[in-house]
Amino acid sequence: VRSYLDKLECSRCKLDYRSDQLHNLCSCGAPLFARYDLARVSKFVSPEDLGFRVHSLWRYWELLPLRGEENCVTLEEGFTPLIESRKLGPAIGLNGLHFKDESPNPTGSFKARGLSVAVSKAKELGVSEIALPSAGNAGSAAAAYAARAGMKCHVFVPEDTPDAFVSECRAYGADVRLVRGYITDAGRAMYADPDFKRWFDVSTCKEPYRVEGKKTILYELVQQLGWKFPDAIVFPTGGGTGIVAAWKACRELQELGWVKRSELPRLFAVQAAGCAPIVRALEQDQESAQPWQNPQTTAWGLRVPKAVADFLILRAIRESGGSALAVSEQEISDATAEMAKQEGLYVAPEAAAAFAALKHFQKMNLVRREDNVVLLLTGSALKYIS
Ligand SMILES: Cc1ncc(COP(=O)(O)O)c(C=O)c1O
Ligand SMILES: [Zn+2]
C-alpha cells in the first residue's frame, strides 16, 4: 500500500508545489490542495478492498499524503458511527436523517482527523515544533498528536476559551497562550511571537494536510451508506475545514468512480447569528467574505470572524447547490437539550447549531422528507460545561 500523492496545487491560481517540501499558503495567499494520481488509484484499488483494513481513517492510505508508515502519528482516529435518528428526524419531517457522530474521536472532536494527518506529514518532513491559533478543539487535538509524535506544540487561544481545553492542552505538554480577543487575534499573537520562525504553522487551511484528514469523514460516511452519496450534508462552519474537505472528497470519489450514483450531495453551512460572515457573503452574492465585527457566540468553533478559506466554503456551497444559515443562541441551547433528551446525544454547541438550522432548511424545502440527510456532529459537549 502506498500513497498516490502527486503534488500540491493552489486552490485559486492553480500553481503547483512539490509535496516533498513544507508549504503553507500559495504565494497568492490561497490554500494549497493535495492532488493525487486518481487514475492509478482507481486502477489499483477498489472500494471493496477497504473493508478489510484498519479501523481508523488510515484505511484510505492511497488517498492520504504519507509516504512512510513509520511516520504515521495515530491514536486510531476516524471510523466513527453513523447513527440513525430515531425521533428528531421524523419529528421535523425527515425520514432519512443520520448523525455522523465525531465525539468518539481522540480528544472528543473531528479535529483529531485533520491533526493526525497534518502532524504525521509534518513529522515526515522533519518538523519538530508546531503552532496554531484555536477555539479549543483543534488545540486539544494538535497538543495530543504532538505529544504522541514527540513534538513541541504552541497553542494560542482566546482568553475566554473554556478551561477544559486549556487544562487538557497543558496536560499534553503544550505551551498554551491566552490572548485577549478572538481566534484572529490569537493568530496575530502567534505571528508576532519572536520564536514563530522556528515553528511550523498548522492553522486551519494554512497547511494542506488538515483538510486531507478531514476529508475522510466524507469517504467514511459514503462507505457507511454502501458507497452512495447522501442527498444533503449539514456542517457547522467556522474556519471551514470540514465543508471544504468534504467537497474536495466528493470530487475525488466522483473521479474515482467509487460511488454508485453520480449526483453529488448538497452541502449546507451553519453559523451563529452573532458571527455569520459566510451567510452574509452568500446573501450578498460575494466571492469572499468581509470580516465580521464584534463576533459573539458560545459555539466557540463558529466564532471565526474571517476565514482564509472563505472563498472555498462559498464555492462548495454554490457548486453543490446547498445553502447557509445562521441560528440564534437560544436556538443553539434549545437544540442541545433536544438532541440530548430525544436522541441520547450530548453534542457540542456547534453541532447543536447544525440541528437547529436543519429545521429551517426543512421548512424552506431545501431538504425534503425522502432525502438522505447527514448531520455532522463535530464534537462532544463535555468540555464546554462550566
Ligand atoms: C465542535 C466544532 N464544530 C465545528 C467547528 C468548525 O470547524 P470548521 O469550520 O473548521 O470545519 C469547530 C472548530 O473549532 C469545532 O470545534
Ligand atoms: Zn495561488
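Along the sequence shown, residues are numbered consecutively beginning with 1. The figures here come from the full heavy-atom set of this structure, side chains too, leaving out hydrogens, waters and symmetry mates. On a predicted model such as this, the values are computed, not experimentally measured, just so you know. Start at 1 and go down the list; that is how both ligands and their atoms are numbered.
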Worksheet item: Which value, rounded to 10°, describes the SG(C10)-the Zn ion (ligand 2)-SG(C13) angle?
Response: 110°

Worksheet entry | Option from Y191, W199, F196 for which ring pair (Phe, Tyr, Trp, His ring centres under 6.0 Å) with H154 holds | W199

Fill in: Any F235 heavy atom less than 4.0 Å to ligand 1
no

Practice prompt. Compute the minimum heavy-atom distance from Y384 to ligand 1 and say whether it is under 4.0 Å.
Written response: yes

Worksheet item: Is it true that E252 and K248 make a salt bridge, defined as a side-chain N closer than 4.0 Å to a carboxylate O?
Response: yes

Practice prompt. Provide the number and element of each atom of ligand 1 under 4.0 Å from a heavy atom of T237.
Written response: 9 (O)

Worksheet item: Can you tell me how far the CZ atom of R2 sits from the CZ atom of R40, to the nearest 0.5 Å?
Response: 6.0 Å

Item to complete: Please determine if A348 has a nitrogen or oxygen closer than 3.5 Å to a nitrogen or oxygen of ligand 1.
Response: no

Fill in: Nearest-contact summary for atom 10 (O) of ligand 1 - protein heavy atom, Å
T241 OG1, 2.8 Å

Worksheet entry | Atoms of ligand 1 close to K111 [distance to a heavy atom under 4.0 angstrom, numbered from 1] | 7 (O), 10 (O), 12 (C), 13 (C), 14 (O), 15 (C), 16 (O)

Worksheet item: Would R113 and E77 pass as an ion pair if we require N to O under 4.0 Å?
Response: no

Worksheet item: What are the two closest non-hydrogen atoms of L302 and A272, and how far apart are they?
Response: CD1-N, 4.1 Å

Worksheet entry | Atoms in ligand 1 flagged as close to F110, the criterion being non-hydrogen separation under 4.0 Å | 2 (C), 3 (N), 4 (C), 5 (C), 7 (O), 11 (O), 12 (C), 15 (C)

Worksheet item: Is there a donor-acceptor contact under 3.5 Å linking the side chains of Q224 and H98?
Response: no

Discussion item. Within ligand 1, which atoms have a heavy atom of K214 less than 4.0 Å away?
Written reply: 11 (O)

Discussion item. Ring centroids only, cut at 6.0 angstrom: are Y17 and F33 within range, meaning strictly under it?
Written reply: no

Worksheet item: Among R59, K215, K100, which one satisfies side-chain hydrogen bond (donor to acceptor under 3.5 Å, both in side chains) with E220?
Response: K100

Fill in: N137, I243, I217: member with heavy atom nearest to atom 16 (O) of ligand 1
N137

Item to complete: For G242, take its heavy atoms, then give the atoms of ligand 1 lying under 4.0 Å from any of them.
Response: 11 (O)

Worksheet item: Any Lys/Arg nitrogen of R53 or E62 sitting under 4.0 Å from an Asp/Glu carboxylate oxygen of the other?
Response: yes

Worksheet item: Does ligand 1 have any atom that is closer than 4.0 Å to a heavy atom of E102?
Response: no

Fill in: Nitrogen or oxygen atoms of G238 and ligand 1 under 3.5 Å apart
yes

Discussion item. How far is atom 3 (N) of ligand 1 from the closest protein heavy atom, and which atom is that?
Written reply: T378 OG1, 2.7 Å

Discussion item. Can you confirm, on distance only, whether ligand 1 has an N/O atom lying under 3.5 Å from any N/O atom belonging to S109?
Written reply: no

Item to complete: Mark the output for G240 as yes if a heavy-atom distance to ligand 1 is under 4.0 Å, and as no if none is.
Response: yes

Worksheet item: Does the ring center of Y4 lie less than 6.0 Å from the ring center of Y36?
Response: no

Practice prompt. Flag the pair K7 and D16 as a salt bridge only when some basic side-chain nitrogen lies within less than 4.0 angstrom of an acidic carboxylate oxygen.
Written response: yes

Worksheet item: Rounded to 10 degrees, what angle sits at the Zn ion (ligand 2) between C28 SG and C26 SG?
Response: 110°

